[in-house]
Amino acid sequence: MSVSKIALFVTGTDTEIGKTLVSSALLYAFVQAGLRVAAMKPVAAGVTLHNGVRVNEDIELLRAQANIELPEHEMSPYLWDEPIAPHIAAQKRGVVMRAKVIRQAYLAAAQRADAIIVEGVGGFCVPLSSEENMADVAVSLNLPVVMVVGMRLGCINHALLTAEAIRARGLTLAAWVANTVDRNMPYRDENIQTLSEALAAPCLGRIPHFDTPSAELAVGYLDISCLQVG
């Protein structure tokens, strides 16, 4: 089975640090390059109803930038209503989330696209169940990883631990992004310099804090060429 020419797994140092913003910007860039582009958010939690339709904000942001429409069971095999830890949401429904299910969805989606972005949930090791976590998903997909670092106090430790976990599983840290979560972070540039020296992976970009973030704004701060994909 053929798969996408460009495929990336986007993870982060925590939740709410800009994974969806970076994923959306990558999707936007690949669409602008004339590619057929698909997006996946295999695990998501937090749904609102709009005219009777279940809507997850992150999924909608990704869908808005992709130009291949995936059915829900491929784009997000595990979508939970409550905005809580996904494995707890699954337990409440009597469901065991499995990496192999996500891999099957990925293979189905990727064969129709030139590029596909798979966005993780929370941090790299967020549990799926008592047996598996999102790191197991990344391993099962065996994709290069883009790590989003939320720039705020404590980010250096979180970034180095996440990078260590990625490499310990035999995966490639393709690049990392410095996304400014705390607009008033002291010595942000010095923190970025420290990470640049320690991570041994290219910095894909430095995204400032936006009052109203968007893929179109964020992509202007990314250097896609450093990914060396295609």
Chemist: Compare all side-chain heavy atoms of L128 with those of V137 and state whether any distance is below 4.5 angstrom.
Modeler: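 The answer is yes, as the side chains (C-beta and beyond) meet within the 4.5 Å cut-off.
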Chemist: Heavy-atom distance under 4.5 Å between the side chains of F124 and T13, does that happen here?
Modeler: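 In short, these two side chains do not touch, never coming nearer than 4.5 Å.
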Chemist: List the atom of L27, the atom of V37, and the distance in Å for their closest heavy-atom pair.
Modeler: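 Looking at all heavy atoms of both residues, the closest pair is CD2-CG1, 3.3 Å.
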Chemist: Taking C-beta and beyond as the side chain, do V55 and L49 meet within less than 4.5 Å on heavy atoms?
Modeler: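 No, side chains not in contact.
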Chemist: Measure the shortest side-chain to side-chain distance between W176 and S196 over non-hydrogen atoms and say whether it is less than 4.5 angstrom.
Modeler: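 Of all side-chain heavy-atom pairs linking S196 with W176, at least one is under 4.5 Å.
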Chemist: Got V118 and L141 here, is their nearest side-chain heavy-atom distance under 4.5 Å?
Modeler: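 The answer is yes, as the side chains (C-beta and beyond) meet within the 4.5 Å cut-off.
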Chemist: My understanding is that only one of N179, V181, N184, T180 makes a side-chain contact (heavy atoms from CB on, under 4.5 Å) with H209; could you say which?
Modeler: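 Checked N179, V181, N184, T180 against H209; only one passes side-chain contact (heavy atoms from CB on, under 4.5 Å): T180.
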Chemist: Which heavy atom of N191 sits nearest a heavy atom of M151, and at what distance?
Modeler: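 In this case the closest contact between N191 and M151 is CB-CE, 3.9 Å.
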Chemist: Check this for me, if you would: do D14 and R152 make a salt bridge, where the nitrogen-to-carboxylate-oxygen distance has to be below 4.0 angstrom?
Modeler: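 Here D14 pairs with R152 in a salt bridge, since their nearest N and O are under 4.0 Å apart.
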Chemist: Establish, from distance only, whether the side-chain atoms of R98 and S129 form a donor-acceptor pair under 3.5 Å.
Modeler: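 Per modelled atom types, R98 and S129 side chains form no pair under 3.5 Å.
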Chemist: I'd like to know if K100 pairs up with D136 as an ion pair, taking the criterion as any Lys NZ or Arg NE/NH1/NH2 lying under 4.0 Å from an Asp or Glu carboxylate oxygen.
Modeler: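 So K100 does not pair with D136 through a salt bridge.
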Chemist: Measuring from L143:CG to I116:CD1, what's the distance to the nearest 0.5 Å?
Modeler: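 One finds 8.5 Å between CG of L143 and CD1 of I116.
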Chemist: Tell me, with the steps shown, if I102 and Y78 meet side chain to side chain contact (heavy atoms under 4.5 Å, CB included).
Modeler: CA-CA 9 Å; I102 295 171; Y78 297 112; 4.0 Å; yes
Chemist: Can you tell me how far the CD1 atom of I59 sits from the CE atom of M40, to the nearest 0.5 Å?
Modeler: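 The CE atom of M40 is 10.0 Å from CD1 of I59, to the nearest 0.5 Å.
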Chemist: Would you give the length of the straight line joining atom OG1 of T20 to atom CG of L61, rounded to the nearest 0.5 angstrom?
Modeler: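 One gets 6.5 Å once the value is rounded to the nearest 0.5 Å.
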Chemist: At what distance, to the nearest 0.5 angstrom, does CD of E72 lie from CG of L79?
Modeler: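 It comes to 5.0 Å.
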Chemist: Using a 4.5 Å cut-off on heavy atoms from C-beta on, say whether the side chain of W80 contacts that of V95.
Modeler: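 A side-chain contact exists here, since the closest heavy-atom pair is under 4.5 Å.
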Chemist: How far apart are the closest heavy atoms of L227 and A175, and which atoms are they?
Modeler: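 L227 and A175 have their closest heavy atoms at CD2-CB, 3.8 Å.
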Chemist: Taking all non-hydrogen atoms of both residues, which atom of A105 and which atom of P77 are closest, and how far apart?
Modeler: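 Where A105 meets P77 most closely, the heavy atoms are CB-CG, 3.7 Å.
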Chemist: Hey, does L21 have a side-chain heavy atom less than 4.5 Å from the side chain of I207?
Modeler: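 A side-chain contact under 4.5 Å exists here.
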Chemist: Which heavy-atom pair separates L173 from A163 by the least distance, and what is that distance?
Modeler: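 Closest approach of L173 to A163: CD2-CB, 3.9 Å.
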Chemist: Can you see which heavy atom on I84 is nearest to which on A45, and at what distance?
Modeler: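 I84 and A45 have their closest heavy atoms at O-CB, 3.4 Å.
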Chemist: Please determine whether a side-chain nitrogen of the Lys or Arg among R112 and E69 lies less than 4.0 Å from a carboxylate oxygen of the Asp or Glu.
Modeler: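 Here R112 does not pair with E69 in a salt bridge, since their nearest N and O are not under 4.0 Å apart.
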Chemist: Step by step, would you call F30 with I224 a side chain to side chain contact (heavy atoms under 4.5 Å, CB included)?
Modeler: CA-CA 9 Å; F30 294 143; I224 305 300; 3.8 Å; yes
